[in-house]
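Keep in mind that the numbers below use all heavy atoms, side chains included, and drop hydrogens, waters and symmetry copies. Keep in mind that this is a model prediction, so the values were computed, not measured. In what follows, every chain begins at residue 1, and chains take the letters A, B, ... in the order their sequences are listed.
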Amino acid sequence: MTRRLSPFVITMMVFGFAFLYGPIVSLIVYSFNESKLVTVWGGFSTKWYGELVRNEQILEAAFLSLKIALMTGAIAVVFGTLAGMALARYGSFRGRTFFTSLVTGPLVMPDVIIGISLLLMFVSTQQWFGWPQGRGVDTITIAHATFCMAYVTVIVQSRMSALDGSIEEAALDLGARPAKVFFTVTLPIIAPACIAGFLLSFTLSLDDLVIASFVSGPGSSTLPMVVFSKVRLGVSPQINALATIIVGIVTIAVILAGILMHRQEKRRQADIQQALQQAGY
Amino acid sequence: MDRTPTPSEDRTSRTRTPQVGARGAPVRPRDPAPEPWEDPNAQPYVRIEGVTKRFGEFTAVDNTELSIYQGELFCLLGASGCGKTTLLRMLAGFERPTSGRILIDGQDVTDQAPYARPVNMMFQSYALFPHMSVEQNVAYGLKQDRVGKDEIRRRVHQLLDLVQLDPWAKRKPHQLSGGQRQRVALARALVKRPKLLLLDEPLAALDKKLREQTQFELMNIQDEVGVTFVVVTHDQEEAMTLSTRMAVMDRGRVQQVGTPTEVYEFPRTRFTADFIGSINMFEGTVQEVHDGRVRVAADRVPCGLEVDSAVRVRDGQRVWFSVRPEKLRVRPDDGGELAATNALRGTVRDVAYMGDTSIFRIDCGPGELVEALQPNVFRSRKREIDWDDPVIVEWSTEAGLVLTE
């Protein structure tokens, strides 16, 4: 089924890939630049990687970002799963529309608005209840969890809607109490959606600059904030090195995931074939 | 309501002797003890007392009364949307009746949660746990009861043996064929030895061959484990072969309760008569009631209709005279005299050859198509009666039925 591609298609393809990957490739190439100027090639060197490793500010920010991203993922998964289940299972309860728009609002709201409103909320709760005391890791995590939860909700809800409700009824019927049903039947079935939601939240949190800028405090700058502030003073090749490392990690992760999924799918197909053969089809 | 003696029940006892079993299989020698539903002293195992279920404006089940006895295989039969599944879900505890009571073994379970009831259900979609193996699926119910590990293993394998799935114990549901899944679902529902097993369209997803096979398996399993079964189905053939008794439902109400023979041969209403099997109906007026014999003047066919019937009707009452297609006899029109009653002249409009039988549609006057089912007794290449042939349709005075509702 090989078809000859027309020159037009090939040209478009080359342009497309160049558009997508050109910047990344040039970024990687310039991370090995000897010169201090990002735009001028001064020979091959790995010195910027060495400087990056010695740059405490960036390393600290990277660890902080990872920490926040992990916590955000955990919180968003718990609350997003609960919200998604409520939306998928409890039909048209009172205030459903209100609840839906509240939960999924952050999906469509601009980051700036979310940032400002959360900042205002934190300031006023501090005035009224004395909490949070100043802004920092806590407030960033809460802010990130708030908007990441929306994504988890949507993912879990769609998974739950596709799930046959009588599976849970069957568990009830066999004598399991509702809590037991959730942990032994519902959760294992929707686990893939929860994991996907966690990964998405993790990435979004790691990626976020705007909201974090609003709700962070002194001494709690996330990696994107540090990078952004550095870039304003001129792009340092260190940033290129950092970006190259991140791109490398992501690429490896994606390739690994692809291989794993491919293997699983192959095994599943083989299983189905075998079962069908045994059943005599 | 099913205890009031009715004329149709009188008839049952008279025609009962050369009977094919209520379950399609040849009857075992009839024990002298009456069936539980005929015994006024028998305690019903399940009582449904005046149960109504409304969803908003819609009444799914309307003031229903039913008694189901121990060891029965009771079918709830009806078209989709008639409330049969809602009734079953109320027995399982997934829906709470709007009013009325449900008693199982003398205990009021109306407000009991599903996990507290001595009832298990087999779902139409089978609802197997996709992340568990066959073994784990079946063991799930026992684990909830904190049964010991060895005991669980023993009982699970005993049941998997019963449904012939032991070699597949380690498989996941998605690695099984439809029939195998269905048997896993059955094993899972039986493993806790429920006193009452509910089955929601148990055979709907199977192809015809597998369905027939499973029907007999179900009956064997019931004989073996002695559970009371309540089966919901829209398939009347399934209900006829499976059940000891069945309830025909329509728009949330039970139309008739009885053995398959009672419901088929003595339907109480036009709905039941029409829903179970096919039937020819002639609207008419009662002309004469004499000595247990009713004579009806039909509006649209030119012959008197006569039937031995114990139905109480009076002269001049509007009735529907009905007769099942297989009780008619079709013969070529020889031009001779017609009998005074229960005989019609007509023209064949349609012949459906089914192999063992043929169905004839016979035009007996404007707008009256009569359906007749004839066994193909002789082996022949040419049909004795074919399209557009003039024929005579006759039936005996015992074949017909007078319906008033």
Fill in: Shortest non-hydrogen separation from K192(B) to L174(A) and the atoms involved
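Of all heavy-atom pairs spanning K192(B) and L174(A), the closest is NZ-O, 2.7 Å.
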
How close do N120(B) and D173(A) get, counting heavy atoms only, and between which atoms?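 Nearest heavy atoms, N120(B) then D173(A): ND2-O, 2.9 Å.
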
Just wondering, are more than 12 heavy atoms of other shown residues or ligands nearer than 6.0 Å to [atom1] in [X]?
X: F55(B); atom1: CZ; value: yes
X: F98(A); atom1: CZ; value: no
X: Q264(A); atom1: CD; value: no
X: R177(A); atom1: CZ; value: no
X: R251(B); atom1: CZ; value: no
X: M109(A); atom1: CE; value: yes

Sub-4.5 Å heavy-atom contacts with chain A: which residues of residues 81-97 of chain B show up?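 When heavy atoms of chain A are the reference, residues 81-97 of chain B contributes R89(B), A92(B), F94(B) within the under-4.5 Å range.
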
Note to self: Applying a heavy-atom distance below 4.5 Å, give me the residues of residues 122-156 of chain B that approach chain A, sorted by number.
What the structure shows: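 Under the 4.5 Å heavy-atom cut-off, F123(B), S125(B), A127(B), L128(B), F129(B), P130(B), H131(B), M132(B), Y140(B), G141(B), Q144(B) qualify.
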
(message) Quick check on A171(A) against chain B: is it the side chain, the backbone, both or neither that has a heavy atom closer than 4.5 Å?
(response)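 Both parts, heavy atoms under 4.5 Å.
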
Enumerate, atom names and distances included, each donor-acceptor pair closer than 3.5 Å involving a side-chain atom of residues 69-88 of chain A, sequence neighbours excluded.
unit_1 : atom_1 : unit_2 : atom_2 : d
T72(A) : OG1    : I68(A) : O      : 2.7
T81(A) : OG1    : V77(A) : O      : 2.5

Positions in residues 139-164 of chain A that reach chain B, provided some heavy atom is under 4.5 Å away: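 Within residues 139-164 of chain A, the residues under 4.5 Å from chain B are D164(A).
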
